[in-house]
Protein chains: 2
Amino acid sequence: MNEIEKLFASKDIRITAMRLLIYKFLVQKETAVTLSDIENAFERADRTTLYRTIKTFEEKAIVHQIDDGTGITKYALCEQGCNCEIETDLHLHFHCNNCNETVCLTEYKIPHINIPEGYMAEDVNLVVKGICEKCSGH
Amino acid sequence: MNEIEKLFASKDIRITAMRLLIYKFLVQKETAVTLSDIENAFERADRTTLYRTIKTFEEKAIVHQIDDGTGITKYALCEQGCNCEIETDLHLHFHCNNCNETVCLTEYKIPHINIPEGYMAEDVNLVVKGICEKCSGH
DNA sequence: CATTAAATGCACTTTCATTGCATATTATTT
DNA sequence: AAATAATATGCAATGAAAGTGCATTTAATG
Ligand SMILES: [Mn+2]
Ligand SMILES: [Mn+2]
Ligand SMILES: [Zn+2]
Ligand SMILES: [Zn+2]
C-alpha cells in the first residue's frame, strides 16, 4: 500500500481506481475545483461517480466544501490533520474576480467576530474577493 | 405620491402595483427572503415578474443580495442611504441553523481582514451561522 | 387622447445538484 | 480459490433555482 492507499484505508474508504485518480487530481491542483472541473478532467468517467466520490471525500474529511459566492460549490483538499468534520476549519478563502479561481488561505485564520447578545455562533464563512497574486503580477 | 412612490421616483423606478406590493412585503419582513418566499406570498403573480422586480430593486440599490451559504440567494432591504451599488455594504449576516432564517446585522461591520502580499481585496462576504436570538430564547 | 418606452405573462432553456436501480467491483468468509 | 456480502459504478431520470425571448399590457409623457 502506498501513501494514498494508507490514507484511504485509515478513513475506511475502499481503494478504487477512480478514487485514486481523483485524489491525485486534487493534489496536483493548487486551487479549489468544481464538480465540472473534475468532469472535464475525466471525460470518460460518469458524472455521478465523480459526484459521489467527492461527497465521500467530504464525509471522510479528505476535502472540504467552499462556498465562494459564485453559486457553484467548490472543493479543496483538507490540510493534513484538519478536523473539519468535527469543528470548523477556520481559514479564509479568496476568490479572484479576474481569473475566477478560488484558493484556500490556510495560514489566514478567521478572526473573532462580534455578534449581538442572544446570538450563538457555531460556524463562520469568510470569503474575500479581489485580485489574486498571479493576476496582480505578484 | 406617498413615501414609497417618492423613493421609486427618485431612483427612476416606474411605479406599478406589483412593485409597491413587493416593496411593502419586504418592509414588513424582518429577515432576508428568497425568490420562493416572494412567490409564496404572491401566488397569483408570475414568477418572472417577481424575479425581474427583485433584480430591478437590486440594481437600484433598494435591496441587496445575500449569499448565506444555503445555496439559495436571498434579498433584504438596504439601509437608508446605503451605497452598496458603489462600494460594498460591509455589515455581516447571520444565518440561524435552527429556524433557517437569515438576518442583516447592519450594526456589525466586517473587521479588517489580513490577506497575503500580492492579493488585493475588493469585496468581503462574512456569514456567521449558529442560533439566532429568537431560537436561543433571547 | 396618442405615442412611446417599459413592465408583465407565458413558454422555454440552462445549469447544477441529487436519486433509484441494475450491474460491476471490492472486501470478507468459507 | 471460490462463494458471499457489501459497496461502488453507470445510466437514466428528476428537481430546484436561475435566466431568456417574445408577444401583450400598462405606465409615463406631451
Ligand atoms: Mn479551504
Ligand atoms: Mn444585509
Ligand atoms: Zn486571479
Ligand atoms: Zn433561529
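Chain letters run A, B, ... following the sequence lines, proteins first and then strands; every chain starts at 1.
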Requested in this report: Grab the CD1-P distance between A:Ile54 and C:dC16 for me, whole Å please.
Outcome: 15 Å
Report task. Quick one: label B:Thr73 by what it contacts on the DNA or RNA (base, sugar-phosphate, nothing), any heavy atom closer than 4.0 Å. Result -> sugar-phosphate
Query - Separation of atom CG in B:Leu50 from atom P in C:dC10, rounded to whole Å - result: 12 Å
Report task. Verify the distance criterion only: is there a donor paired with an acceptor across the side chains of B:Lys134 and A:Tyr119 at less than 3.5 Å? Result -> no
Query raised in the report: How many Å lie between CD on A:Glu39 and P on D:dT9, as a whole number?
Result: 15 Å
**Report entry** Separation of atom CD in A:Glu59 from atom P in C:dT18, rounded to whole Å
**Finding:** 12 Å
Query raised in the report: In whole angstroms, how far is the P atom of D:dT14 from the OH atom of A:Tyr51?
Result: 18 Å
Query raised in the report: Which part of the nucleic acid does B:Arg47 contact within heavy-atom distance under 4.0 Å: base, sugar-phosphate only, or nothing?
Result: base
Report task. Kindly check if the number of other-residue, nucleotide or ligand heavy atoms within 6.0 Å of CD (A:Glu107) is above 12? Result -> no
Query raised in the report: Atom CD1 of B:Ile72 to atom P of C:dA17: distance rounded to whole Å?
Result: 13 Å
Query raised in the report: Using a cut-off of 4.0 Å on non-hydrogen atoms, how would the nucleic acid contact of A:Thr48 be classed: base, sugar-phosphate, or nothing?
Result: base
Query raised in the report: Rounded to whole angstroms, how far apart are CZ on A:Arg14 and P on C:dA27?
Result: 6 Å
Query raised in the report: Toward the 5' end of DNA chain C, which comes first, A:Ile13 or A:Lys55, by nearest nucleotide?
Result: A:Lys55
Query raised in the report: Do we see a donor-acceptor contact under 3.5 Å between the side chains of A:Asn100 and A:His95?
Result: yes
Requested in this report: Could you tell me whether the phosphate oxygens of D:dA27, OP1 or OP2, come under 4.0 Å of any side-chain nitrogen or oxygen in B:Thr16?
Outcome: no
Query raised in the report: With nearest nucleotides of DNA chain D determined for A:Asp46 and B:Gly71 from heavy-atom distances, which residue corresponds to the more 5′ nucleotide?
Result: A:Asp46
Query raised in the report: Could A:Asp68 and A:Lys74 be called an ion pair, given the rule that one side-chain N must be under 4.0 Å from one carboxylate O?
Result: yes
Report summary line: Comparing nearest nucleotides in DNA chain C, the 5'-proximal residue of the pair B:Arg44, A:Tyr75 is B:Arg44
Report summary line: Rounded to whole Å, CG of B:Asn40 lies from P of D:dA17 at a distance of 10 Å
Requested in this report: Going by the ring pair (Phe, Tyr, Trp, His ring centres under 6.0 Å) test, name the single residue among A:Phe8, A:Phe25, A:Tyr51 that passes it with A:Phe57.
Outcome: A:Phe8
Requested in this report: Report yes or no: is there a donor-acceptor pair, N or O only, under 3.5 Å between the side chain of A:Arg52 and the base of D:dG10?
Outcome: yes
